[in-house]
Amino acid sequence: MATLGPRQLSNGLEPHPKRQRTSPSPPPLPSSQDGRDFLNDCLPDDDEDATSSQPAMVHWKRPPPPKLDPSSDPLVFQQIDIDYYVGASTVPGMPGMGTGPVPVLRMFGVTSDGNSVCSHIHGFLPYFFVPAPRDFSTQHCATFRSALNTAVMGDLRSSRDNIREAVLAVEMCRKSSIYGFYFNEMSDFLRVTVSLPKLVAPARRLVSCISVPPFGQIDYQVYEANIDFEVRFMVDTGVVGCSWIELPAGKYRFRNQSQTCGTGTLIGGGGASEMKPHPPVTRCQIEVDVSYEDFISHLQEGEWQAIAPVRILSFDIECAAKKKGAFPEAQRDPVIQIANVAVLQGETEPFVKNVFTLDTCAPIAGTDVRVFAPETKLPKYEAELRMSEAELRKYEAELRKYEAELRKCETQLLKEWAEFLQELDPDIITGYNIVNFDLPYLLNRAKALKVDSFPYLGRVRDSRTTMRDSTFDSRAYGKRVNKIISIEGRIQFDLFQILLRDTKLRSYTLNSVSYHFLGEQKEDVHHSIITDLQKGNEQTRRRLAVYCVKDAVLPIRLLDKLMCLINYMEMARVTGVPLAYVLSRGQQIKVVSQLLRKAREKDLLMPVHKSEAQEEYAGATVIEPSRGYYNIPIATLDFSSLYPSIMQAHNLCYTTLLFKSTDRERLTPDQYIRTPSGNHFVKSSVRKGLLPEILEDLLSARKKAKAELKEEKDSFRRKVLDGRQLALKLSANSVYGFTGANVGKLPCIEISQSVTSFGRQMIDQSKNLVERKYCVANGYPFDAKVIYGDTDSVMVRFGVGTVAESMELGREAAEMISATFPHPIKLEFEKVYFPYLLINKKRYAGLFFTRPETHDKMDCKGIETVRRDNCRLVARLIDTCLHKLLLDRNQTTHCVCQTEISDPLQPRVDISQLVISKELTRTSGSKEYATWT
DNA sequence: GTTTCTACCTAA
DNA sequence: TAAGTTAGGTAGAAAC
């Protein structure tokens, strides 16, 4: 699938009419302190074309959409956002027709030619299940529906919003619960369909309150009543996040290409009643209607793995506080600049680079400067003492006039920026902290200036962009307070939030992040001088604009380097959730999405979990460390993907869990297992668990990523592939976490405690096996000893003196031990540490060898050097100590240490006793000093 | 002056 | 509403 190049983009497009080139030949760029023009690195110069009246970076409209004939041409696009709205019923032959408002799903996406698409999807309705009462039959469905409908409608009272029917259908079906093994037997369930997603909650609550004769009131366990509507839809229609969607010819209907769809066929089957086409409601180039039963979601194979030429806009704003150095307030302080950079996914050069400036600004090479300047100039201010009263009054009047004009300019700037955004029509909006700063500031500022046309940044024309606060509290990510900004159809891909989620850095300023990932500093304009630069002249404002543009360029470059978009799209595809979920939600929803898909294939239902206080359960073993400095090689053996492999090997799943001893009695002993924690599960020969299947999928995807990693030469792309395989591993690991999630969608302590109990048993067994085999009694020169181990690893001192010998024994031992465990459990030799400093549980360091010749790196775990809750100086000091201890063993320091390390096997040096008194840490100039004892 | 609890962060 | 897990080190405050 070819991506769209800039050449095609500009084809036939006029430059933006409002744009005025500020100068035909830009003056020289200002230089940074070291004399190097730091911007040349990222801003391509278009000087060669300086005399042209159509400079680069001004064509931002999308290519014109092709003329499609819906009766013969399919419409194919990559969907990037899915949501729903409540609208009037439009599709004939669907349940709920004519009963009032119905939910309509919406897919936003991009075609391979770079056209934006919105597809309204009709006819899909929310539902949930309850077990059918004993002796229930189809003839009872109507009574049941009516009783529940009455209850829900009564519950709605004043908030009915024209809803005429709440419960649309009650049907019988054969299903089984996912939770527990019931001999593969199906039983009768009732599928309750309601007219709107928001009615699921009251219906689910009231279903246990109604009395349906002759069954009476029943306290139902409800199933799948807690599934997000989008996820429900995607699971049922086989759509995964960011998949390619094909609307076959004859199955969809245009809203905005009246010239090509004059007599389009009706959606939902050849009824005689010709429908009037709906007018378009979005700003997408192609807007269509389709039935939820009539589209194809392509599996991510072959050409359907491609990524459409998605438009990414990065922007950054500058605002100037009235008071120097104060934090700007949108109520009072103006937005003085907005820089915008746009690229197509897959390309490195931006096709738009501009900056909106309040007041004049000198030209910047390669950047379209759009000036919003007042006619009058800022009046010259002389020191008060020198001005006469008349002069002062005149000055103040001029100042007021100037400021009023400036306000008008700012209003215009905001207005035109919103228009620019709509014309550019980005699929992805990025930047640095845009969600919690730039966007709220712009929205608040537009409100303060009464720019009524501003807060319409989404793709739905009349839908206002709104803001609200939300808190995200998870044990894994901690508590986070964020703004939620509604920009329908565009994904807010805030790089700051992404880095906060995916990385653990000491500092998250754009500057330090750029340095960390791009090896490049951005020279910060300190916020205290922004106001002065703005109050200066067109050159000082230009300087500010250059920084502003750079702040918009950097997120794009970071996004590209870290391959964030691709990785997130991959994650959405693998786990099946919408792209936006990967950014804004936790791990659980991904597991739920996968679980629901697998369950659906087998007619299994997920119960709604009633949250009650869960018991705590035991986790992993940490082998008591034999603390010390080891001057001989230590081999490390690891179980790869321990918990996932345990779940696979022992078929641990909701669907294989045996609750009652009476159930076990119906099985032969070879049909089930007892886990070390005393729980029982049927073997895969009886029924294969869903969780093991999901894990197989994830781990095979990981294998693929690792294979690609092996082929990849570019070091940064290697890191990215490494990141992907790590993400898949994390996803696989979170399957275990999901079953143990205390406040979760479906915790199952039997599974999680069985997993950890197997793990404990395995690490014990590995320790025993290796120590029992590699001993003097068996003819080996030394008694091997496991000096440490944590969860899935054992560190073995074989006693041999060389890395090569240690590796040889390590490989052999790993193979020997692996053979004692069922597939796919595998203990692998991973590395040798030599020398190795074992300080404490979860605190150690060593030189890391994967080949006998040279060490790969110095590996530090849990020590101050890798922790972020101490000052950098402490980390550096400890790092130096570790270098001296591990690397310069025969240097001066060695002597210092040597007095304490007489016998390498007898620990003397305990680095944890190096106490650093942080109070004595001080800073002088650019250097830090520490006093330590 | 010791023990206990809490916050924070990391290992796996 | 939605939020992966337990084990465990270290530092400093609070409790005894």
Side-chain angles (χ1 to χ4, degrees), chain A residues 197-198 200-201 226-228 231 468-480 482 484 501 504-506 575 581 584-592 594-595 609 611 614-625 627 636 638-644 646-647 691 726 729-749 751-757 759-760 763 788-795 830 838-845 859-871 874-875 878 911-919:
Chain A
K198 70 168 183 182
V200 171
N226 54 351
I227 312 298
D228 297 293
V231 173
R468 65 187 167 90
D469 290 309
S470 87
T471 54
F472 182 97
D473 193 359
S474 109
R475 298 263 289 262
Y477 296 119
K479 192 169 181 164
R480 242 156 238 181
N482 279 318
I484 302 241
R501 241 174 197 258
K504 286 198 182 299
L505 303 173
R506 283 192 121 91
T575 59
Y581 278 38
S584 63
R585 305 275 295 265
Q587 296 286 347
Q588 291 207 41
I589 187 64
K590 299 187 213 168
V591 182
V592 169
Q594 293 170 85
L595 203 50
H609 169 74
S611 80
Q614 285 282 314
E615 291 169 65
E616 295 214 322
Y617 64 94
T621 298
V622 183
I623 294 172
E624 188 58 37
R627 296 170 186 82
T636 304
D638 282 48
F639 286 104
S640 50
S641 300
L642 177 73
Y643 289 174
I646 288 175
M647 294 173 92
L691 295 181
L726 201 72
K729 181 182 173 171
L730 276 172
S731 244
N733 282 343
S734 67
V735 172
Y736 151 76
F738 176 81
T739 66
N742 246 334
V743 247
K745 274 251 159 75
L746 198 60
C748 181
I749 211 155
I751 296 174
S752 34
Q753 73 182 4
S754 292
V755 170
T756 57
S757 67
R760 291 194 297 273
I763 198 169
Y788 181 57
D790 185 346
T791 309
D792 61 354
S793 65
V794 282
M795 322 299 221
E830 205 178 63
L838 180 52
I839 299 167
N840 214 336
K841 282 183 177 176
K842 300 188 192 283
R843 279 167 69 84
Y844 61 82
D859 202 19
C860 298
K861 291 291 158 74
I863 302 174
E864 278 74 3
T865 53
V866 296
R867 291 180 66 93
R868 298 174 300 165
D869 56 353
N870 54 71
C871 68
V874 169
I878 301 284
I911 205 167
S912 68
Q913 286 172 12
L914 299 178
V915 178
I916 293 138
S917 55
K918 292 178 187 175
E919 296 81 12

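In what follows, chains carry the letters A, B, and so on, assigned in the order in which the sequence lines appear, proteins first and then strands, with residues in each chain numbered from 1.
For A:E616, the CD atom is loosely surrounded, since the number of other residues' heavy atoms within 6.0 Å does not exceed 12.
Nucleic acid contact for A:D792: sugar-phosphate only, since backbone atoms but no base atoms lie under 4.0 Å from a heavy atom of the residue. Residue-level contact check: A:K745 touches neither bases nor backbone, having no heavy atom under 4.0 Å from any strand. Residue A:A741 is in sugar-phosphate contact alone, with no base atom involved, counting any heavy-atom pair closer than 4.0 Å across all strands shown.
OP1 or OP2 of C:dT10 has not a single side-chain nitrogen or oxygen of A:R867 nearer than 4.0 Å. Between A:N840 and C:dT10 there is a side-chain polar atom (N or O) within less than 4.0 angstrom of OP1 or OP2. Between C:dT6 and A:R760, no contact under 4.0 Å exists linking OP1 or OP2 to a side-chain N or O.
Rounded to an integer number of Å, the gap from A:D228 CG to C:dT1 C1' is 10 Å. When rounded to the nearest whole Å, the span between CD of A:Q588 and P of C:dT1 equals 14 Å.
Remark: A:D859 engages A:Y833 in a side chain to side chain donor-acceptor pair (under 3.5 Å) (not counting sequence neighbours). Take A:K841 and apply the side chain to side chain donor-acceptor pair (under 3.5 Å) test, not counting sequence neighbours, and it matches no residue.
Remark: the backbone N or O of A:K842 is paired with a side-chain donor or acceptor of A:Y788 at under 3.5 angstrom.
Summary of the strand contacts: A:G737 and A:A620 both lie near DNA chain C, and taking for each the nucleotide with the nearest heavy atom, the more 5' one is attributed to A:G737.
Taking OG of A:S611 as the start and NZ of A:K745 as the end, the distance is 12.5 Å to the nearest 0.5 Å.
Taking the 5' to 3' direction, DNA chain B first and last meets chain A under 4.0 angstrom from a heavy atom at B:dC8 to B:dA12.
Taking only side-chain atoms of A:V622, from C-beta outward, the nucleotide of C:dA3, C:dG8, C:dT5 with the closest atom is C:dG8.
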